[in-house]
**Q** 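The structure is given below, and queries will be raised subsequently.
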Amino acid sequence: MKFLKQFSIILLISFLGEILHMLIPLPVPASVYGLVLMLGALITGILKLGQVRETAAFLIEIMPVMFIPAGVGLMESWSSLQPVWLPVILITIVTTILVMAVTGKVTQAMIRKEKKDERVSH
């Protein structure tokens, strides 16, 4: 019964995200609205982590299974993708490296700032 209640809460927040997606004319996916609503509910204390923890952990564990239909869809549309596979692979590699580099630099800057703040406060 606990899992059903937790799953219902997650579905309700996802549904509210769908409603926001229909109401707000921005190119933002409904799932992002749902995630922002969930974050807001958790931060404000409207929703306690314990109210969704077990079901959220379960959904994260089975997440790879959710990508199977997308993978099958890619295989089914290989004839359309075949002419552009090389640019797609190159773009994927370049953007992955770029994201990793920027993330590393930002993390290093934050660590340096934190260390500097600690030295100033002592």
Side-chain angles (χ1 to χ4, degrees):
M1 192 66 174
K2 175 173 68 171
F3 287 104
L4 185 58
K5 182 180 177 187
Q6 291 181 6
F7 191 68
S8 297
I9 292 169
I10 293 170
L11 281 180
L12 174 65
I13 290 174
S14 295
F15 179 68
L16 293 174
E18 292 287 341
I19 291 172
L20 283 176
H21 179 68
M22 289 188 293
L23 295 176
I24 301 173
L26 293 174
V28 176
S31 58
V32 172
Y33 285 123
L35 288 171
V36 170
L37 288 173
M38 178 69 82
L39 177 64
L42 289 168
I43 287 174
T44 60
I46 294 171
L47 186 64
K48 304 289 185 226
L49 184 58
Q51 292 175 289
V52 292
R53 180 183 305 232
E54 289 87 2
T55 300
F58 170 73
L59 290 172
I60 289 170
E61 286 177 18
I62 66 165
M63 190 181 295
V65 175
M66 304 299 183
F67 287 101
I68 291 173
V72 170
L74 286 173
M75 289 189 296
E76 288 290 320
S77 60
W78 175 247
S79 61
S80 300
L81 293 172
Q82 195 170 8
V84 295
W85 74 270
L86 185 60
V88 169
I89 295 289
L90 290 174
I91 290 169
T92 302
I93 291 170
V94 169
T95 56
T96 300
I97 292 170
L98 184 64
V99 167
M100 290 171 65
V102 170
T103 302
K105 291 293 185 184
V106 169
T107 303
Q108 287 175 343
M110 290 176 66
I111 291 170
R112 276 191 224 109
K113 183 181 182 311
E114 187 176 290
K115 286 181 180 179
K116 181 181 174 185
D117 290 346
E118 285 177 7
R119 281 182 265 167
V120 171
S121 66
H122 289 334

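Numbers here are sequence positions counted from 1.
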**Q** Heavy atoms only: give me the nearest His21-Pro29 pair and the separation to one decimal.
**A**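 Taking every non-hydrogen atom into account, ND1-C, 4.1 Å.
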
**Q** Under 3.5 Å, which donor-acceptor pairs do the side chains of residues 75-86 form with other protein atoms, sequence neighbours left out?
**A**
| from | atom 1 | to | atom 2 | distance (Å) |
| --- | --- | --- | --- | --- |
| Ser77 | OG | Gly73 | O | 3.0 |
| Ser77 | OG | Leu74 | O | 3.4 |

**Q** Any side chain to side chain donor-acceptor pair (under 3.5 Å) pairs touching residues 106-120, not counting sequence neighbours?
**A**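 Side chain to side chain donor-acceptor pair (under 3.5 Å) check on residues 106-120 returns Lys113-Asp117.
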
**Q** Provide the closest heavy-atom pair for Lys48 versus Gln51 in the form atom of the first, atom of the second, distance.
**A**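 So the two residues come closest at N-OE1, 2.5 Å.
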
**Q** Could you pull out all residues at least two apart from Thr95 that satisfy side-chain contact (heavy atoms from CB on, under 4.5 Å)?
**A**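 If we apply the side-chain contact (heavy atoms from CB on, under 4.5 Å) test to Thr95, skipping adjacent residues, the hits are Ile91.
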
**Q** Checking Gln6 now: which residues fulfil side chain to side chain donor-acceptor pair (under 3.5 Å) with it, not counting sequence neighbours?
**A**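 Here the qualifying residues are Glu54, Thr55.
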
**Q** For Ile62, give me all partners under side-chain contact (heavy atoms from CB on, under 4.5 Å), at least two apart in sequence or on another chain.
**A**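 So Ile62 forms a side-chain contact (heavy atoms from CB on, under 4.5 Å) with Phe58, Leu59, Met66.
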
**Q** Going by salt bridge (Lys or Arg N to Asp or Glu O under 4.0 Å), name the residues that satisfy it together with Glu18, two or more places apart in sequence or in a different chain.
**A**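 Result, salt bridge (Lys or Arg N to Asp or Glu O under 4.0 Å) vs Glu18: none returned.
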
**Q** Val102: what forms a side-chain contact (heavy atoms from CB on, under 4.5 Å) with it, not counting sequence neighbours?
**A**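 Testing Val102 for side-chain contact (heavy atoms from CB on, under 4.5 Å), a comparison that skips the adjacent residues, returns Leu98, Val106.
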
**Q** For residues 7-16, run the donor-acceptor check on the side chains, cut-off 3.5 Å, and write out each pair with its distance to 0.1 Å, sequence neighbours left out.
**A**
| from | atom 1 | to | atom 2 | distance (Å) |
| --- | --- | --- | --- | --- |
| Ser8 | OG | Leu4 | O | 2.8 |
| Ser14 | OG | Ile10 | O | 3.1 |

**Q** Considering residues at least two apart in sequence or located in another chain, which fulfil the side-chain contact (heavy atoms from CB on, under 4.5 Å) criterion with Ile97?
**A**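 Partners of Ile97 under the side-chain contact (heavy atoms from CB on, under 4.5 Å) test: Ile93.
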
**Q** Let me confirm one number: the CG-CG distance from Leu47 to Leu37, rounded to the nearest 0.5 Å.
**A**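 Result: 11.0 Å between the selected atoms.
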
**Q** Do you reckon Leu39 sits in the same ILVMFWY cluster as Val28, going by side-chain contacts under 4.5 Å, direct or chained?
**A**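 Result: no, two separate clusters.
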
